[in-house]
Amino acid sequence: MKIDINIENKNDKNYSIYINELKKISIDKKIAIITNPKVSGLHLKTLLNNLNSKELYIITIPDGEEHKNMDTIVFILERLHEHKMDRKSLLVAFGGGVVGDMTGFAASIYLRGIDFIQIPTTLLSQVDASVGGKTGVNNKFGKNLTGSFYQPKAVYCETGFLKTLQNREFSAGVAEMVKMALTFDKDFFHWLEEHDLKNEEDLIYAIKKCIQIKADIVSQDEKESGIRAVLNYGHTFAHVIENETNYSKYLHGEAVSIGIVYANLLAMKLGLLGKDEFKRIKNFLINYDLPVSYHIKNYDKFYENFYYDKKSNDEKINFILLNHIGNYKIINNIKKEIVISTLKDGNIA
Ligand code: GLY
């Protein structure tokens, strides 16, 4: 199956996401596969059996969000120069969101830009991160604050790679999946409540559904000037949590799960979300063993960090909130006292 991204008026940026179609691919180019030790140990052999190229190099970077930084980008760029990769060469991101974001970013700046493809191996990267061309790294000020919009030439989504995922990684992906259902598709949320994603057939159905939602949104709004911002539901809180914990305590999806709970507390305070809806969503997250609470030590500091969010502008913080399940509202004039009081409500030590 294939799902297309058709970015309005930008044919050169269009590409397809192939689901379970990574058979033999031949690429008549010099290739560098960027991966991490965990993924290469488990799956590199399978990939290499399916890939023919003119010349091939493997660049291994450390695993984990805490390594998603400029040092690792410099490391990748230096290896690319050593291998004399040129403008016709191709980078292959083979791993989760961290590998994908950094490979895309390196591709966007190496020799002013070379092509790359995504072969995501985690649930989170298959349903969200690998699709849509957001690339970049974290820094001490915040998450993904250095980066570019740079679309891959193709995404190959192989659900077979997910079989070796640890439970935590799997659940982190579920957090991004439920995000899409809660913001855009009430029926899909009901479906998720009634099905177990550990069942392979259901999982593949849900992956396709999420990729379709994501592809539709990116096709309409590549650079997040409108509807794409909704995909950041829960992320305004999550990014601060990840930054405060040095990108090392939570997987991104776990922080998103906590962020969803905070965003929902705020929506409830504003009368946009009912108590029952709040509980249903929290129970769904708990059922997948996702964290739903975080201890905030300094409310003012946490609040000030919202200003580093890429959605903040003109000194206004844009909150993506649910206006009941399956609908969203973007609000940028919520009083600080209301937000702080929500942070206090969610602060379960
Ligand atoms: N992960 C959210 C986006 O790609 O817009």
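Atoms within a ligand are numbered from 1 in the order they appear, just like the ligands themselves.
- For the side-chain hydrogen bond (donor to acceptor under 3.5 Å, both in side chains) test, no residue two or more places apart in sequence or in another chain qualifies with Asn318.
- Among residues two or more places apart in sequence or in another chain, the salt bridge (Lys or Arg N to Asp or Glu O under 4.0 Å) test is passed with Lys208 by none.
- For Asp185, the salt bridge (Lys or Arg N to Asp or Glu O under 4.0 Å) criterion is met by Lys209, not counting sequence neighbours.
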- Query: Given Thr46 and Asn49, is the side-chain hydrogen bond (donor to acceptor under 3.5 Å, both in side chains) satisfied, shown in steps?
  - Reply: CA-CA 5 Å; Thr46 311; Asn49 283 340; 5.8 Å; no
- Item | Phe319 vs Phe237, ring pair (Phe, Tyr, Trp, His ring centres under 6.0 Å): CA-CA, chis, key distance, verdict | CA-CA 9 Å; Phe319 287 100; Phe237 298 89; 5.8 Å; yes
Check each N or O atom of ligand 1 against all protein N or O atoms and list the pairs under 3.5 Å, with atom names and distances to 0.1 Å, one per line.
from	atom 1	to	atom 2	distance (Å)
ligand 1	1 (N)	Asp128	OD1	3.3
ligand 1	1 (N)	Asp128	OD2	3.2
ligand 1	4 (O)	Lys214	NZ	2.6
ligand 1	4 (O)	Arg228	NH2	2.8
ligand 1	5 (O)	Lys134	NZ	3.0
ligand 1	5 (O)	Arg228	NE	2.8
ligand 1	5 (O)	Arg228	NH2	3.4

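- With salt bridges taken as basic N to acidic carboxylate O contacts below 4.0 Å, one links Arg79 and Glu82.
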